[in-house]
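In this chain, numbering begins with 1 at the start of the sequence shown.
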Amino acid sequence: MNYKKILSPIIAIFLCGSCQQSQQTDFNSYGHQATLSPKSGTASAASKDIQLPDSSNADLADSTDHLLLGNPSGATAVTENADNYLIDHKYYIESYSRTKAEPNWVSWHIGAEDLGHAGRSNNFRPDTDLPQGWYEANNTSYRGSGFDKGHNCPSGDRTSSTAANSSTFLMDNIIPQAPNNNQHTWEHLESYCRTQVKRGNEAYVIMGSYGTGGTGKNGYFETIDDGRINVPSHLWKVVVIIPEGDDDLQRIGTDTRLIAIDTPNDNSITPNWMNYLCTVRDIEKATGYDLLSALPKALQDRIELKKFKGGN
């Protein structure tokens with residue numbers, strides 16, 4: 001999508017309120033090619049005005065794009081909604097849970113403009129912009145837990161600038177993730193998505209987690225950091241890939257490449273993410289979310305029941 005076409009500095013966007021494993025052939029990074037995208041369309045529930053960055057800035061980030069597929073849980077930026085609290089980090093948007101001290105889900109767009117040469121910041125730190133009185137996880141919160149500090153929006157998806165990359169190291173973008181899940185299974189899918197973008201596509205991604213209790217390298221735990229941070233039992237991701245272009249939401253159809261996976265947060269996981277393919281409806285049943293809600297209902301009913309089978 002061409003961000004230089006943005007004409008207004010402020011756009012009001014309207015936010016809307018376990019998988020069977022499948023044994024698939026192990027392709028290149030466990031998959032091949034792709035085709036997805038969305039842009040401008042419907043959404044429901046609460047509304048929130050988002051200030052867009054100056055279009056003269058080389059580090060453009062249209063935060064409205066990150067919720068193009070919809071607001072899965074109807075998250076709002078209201079402190080009374082503390083366990084479904086909407087946070088716009090400019091480079092991604094999330095629903096945060098104060099009780100769990102972690103995101104429910106994170107949504108972002110990947111285009112060619114997001115992939116550059118900025119190095120890994122590695123500056124894990126608290127989000128000091130959380131509402132006053134909320135616990136802020138920090139760089140030591142995971143120490144000795146046996147779990148990785150697992151990104152939702154990955155560092156590798158935000159290499160256009162130091163600021164973009166650094167944003168992914170805020171601790172409210174992080175969950176306790178089994179090392180083999182984070183470093184192998186999840187990393188392979190992340191790399192696959194970036195490869196598709198480098199081939200002339202763009203991707204819309206929603207990642208989340210649910211449940212309580214995971215197994216890291218030190219065994220099974222339900223919480224870490226003296227009980228402050230929930231250890232999720234499952235991690236899921238939905239990816240829509242389409243050729244680079246405009247009017248993305250209107251270009252999503254029944255032939256669009258749609259990937260959905262649901263993985264156990266367990267260190268015994270296999271590295272091939274295609275072993276954990278499922279449908280979008282499977283994830284909706286597990287979480288109660290309404291994914292891809294910005295798409296027409298008839299289209300949702302068709303594509304949300306499909307399971308990805310691999311491709312170039």
Side-chain angles (χ1 to χ4, degrees), residues 18-23 72-73 75 81-85 87 94-107 124 126-127 130 134-154 170-190 205-238 260-289 291:
S18 336
C19 298
Q20 291 181 337
Q21 294 186 0
S22 101
Q23 302 300 322
S73 60
N81 196 19
D83 287 332
N84 190 21
Y85 184 71
I87 305 176
E94 69 174 90
S95 163
Y96 182 77
S97 170
R98 180 186 183 184
T99 300
K100 295 182 177 182
E102 65 193 14
N104 299 307
W105 52 261
V106 179
S107 187
F124 291 99
D127 182 358
L130 285 174
W134 291 22
Y135 177 68
E136 300 170 4
N138 59 60
N139 192 31
T140 64
S141 297
Y142 286 51
R143 184 171 296 166
S145 68
F147 292 93
D148 283 1
K149 293 189 284 282
H151 286 74
N152 280 254
C153 180
L170 289 168
M171 291 299 293
D172 53 6
N173 180 44
I174 304 299
I175 54 171
Q177 188 170 3
N180 286 336
N181 188 313
N182 180 42
Q183 298 170 31
H184 301 291
T185 317
W186 224 247
E187 193 283 328
H188 291 165
L189 178 54
E190 292 170 356
V205 188
I206 312 170
M207 175 187 166
S209 56
Y210 66 89
T212 296
T215 303
K217 67 180 181 181
N218 295 339
Y220 176 86
F221 291 90
E222 295 189 346
T223 62
I224 62 170
D225 195 21
D226 294 325
R228 297 185 185 96
I229 301 175
N230 177 70
V231 176
S233 61
H234 286 79
L235 288 72
W236 57 269
K237 180 173 281 189
V238 172
I261 70 168
D262 188 341
T263 68
N265 193 16
D266 192 307
N267 218 34
S268 65
I269 191 172
T270 64
N272 186 348
W273 56 267
M274 292 191 71
N275 289 340
Y276 303 94
L277 289 168
C278 62
T279 68
V280 171
R281 286 289 163 87
D282 290 327
I283 296 172
E284 289 181 331
K285 289 175 184 176
T287 62
Y289 297 151
L291 300 169

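For the pair D282 and D262, the minimum side-chain heavy-atom distance is 4.5 Å or more. The shortest side-chain heavy-atom distance between M171 and Y142 falls under the 4.5 Å cut-off. When side chains are defined from C-beta on, N272 does not count as touching H188, because their heavy atoms never get closer than 4.5 Å. Looking at heavy atoms from C-beta onward, Y96 lies in side-chain contact with L130 at the 4.5 angstrom threshold. Residues M207 and W186 meet the side-chain proximity criterion, which asks for heavy atoms closer than 4.5 Å. Here the side chains of N267 and P179 are in contact, with some heavy-atom distance below 4.5 Å. Using a 4.5 Å cut-off on side-chain heavy atoms (C-beta onward), Y289 and Y210 make no contact.
Applying the ring pair (Phe, Tyr, Trp, His ring centres under 6.0 Å) test to Y85 and every residue at least two apart in sequence or in another chain returns W134. Residues passing the ring pair (Phe, Tyr, Trp, His ring centres under 6.0 Å) test with F124, sequence neighbours excluded: H151, F169.
The distance from atom CG of N180 to atom OG1 of T185, rounded to the nearest 0.5 Å, is 7.0 Å. Atom NE2 in H184 sits 11.5 Å away from atom OG1 in T270 (nearest 0.5 Å). Interatomic distance, OG of S97 versus CG of N84, reported as 8.5 Å (0.5 Å rounding). Atoms CD1 and OG, on I206 and S107 in that order, are 4.5 Å from each other to the nearest 0.5 Å. Between the CG atom of L189 and the CD1 atom of I261 there is a distance of 4.5 Å, given to the nearest 0.5 Å. Taking OG1 of T263 as the start and CG of L277 as the end, the distance is 11.5 Å to the nearest 0.5 Å.
Sorted by first and then second residue, the pairs that involve residues 206-228 and meet salt bridge (charged side-chain N to carboxylate O under 4.0 Å, His left out), not counting sequence neighbours, are D225-R228, D226-R228.
Looking at every heavy atom in both residues, F147 comes nearest to A178 through CD2-N, 3.8 Å. The minimum heavy-atom distance linking N265 with P232 is given by the pair ND2-O, 2.9 Å. The minimum heavy-atom distance between N182 and G150, with the atom names listed, is OD1-CA, 4.1 Å. The shortest heavy-atom contact between P176 and I224 is CG-CD1, 3.8 Å. For the residue pair K237 and I283, the shortest heavy atom distance occurs at O-CD1, 4.1 Å. Between T212 and Y220, the closest heavy-atom pair is O-OH, 3.8 Å.
In terms of modelled atom types and a separation under 3.5 Å, the side chain of T279 and the main chain of A260 share no donor-acceptor contact. In this structure, the side chain of D83 engages the main chain of T99 through a donor-acceptor pair within 3.5 Å. Side-chain atoms of H234 never come within 3.5 Å of backbone atoms of G211 as a donor-acceptor pair (strictly under, hydrogens ignored). N173 contributes a side-chain N or O that, together with a main-chain N or O of C153, makes up a donor-acceptor pair within less than 3.5 Å.
In this model, a donor atom of one side chain and an acceptor atom of the other lie less than 3.5 Å apart for E102 and N230. Between the side chains of T140 and N138, at least one donor N or O lies within less than 3.5 Å of an accepting N or O. Between the side chains of S73 and W105, a donor-acceptor pair is found at a separation under 3.5 Å. Inspection of the E94 and N152 side chains reveals no N or O donor paired with an N or O acceptor under 3.5 Å.
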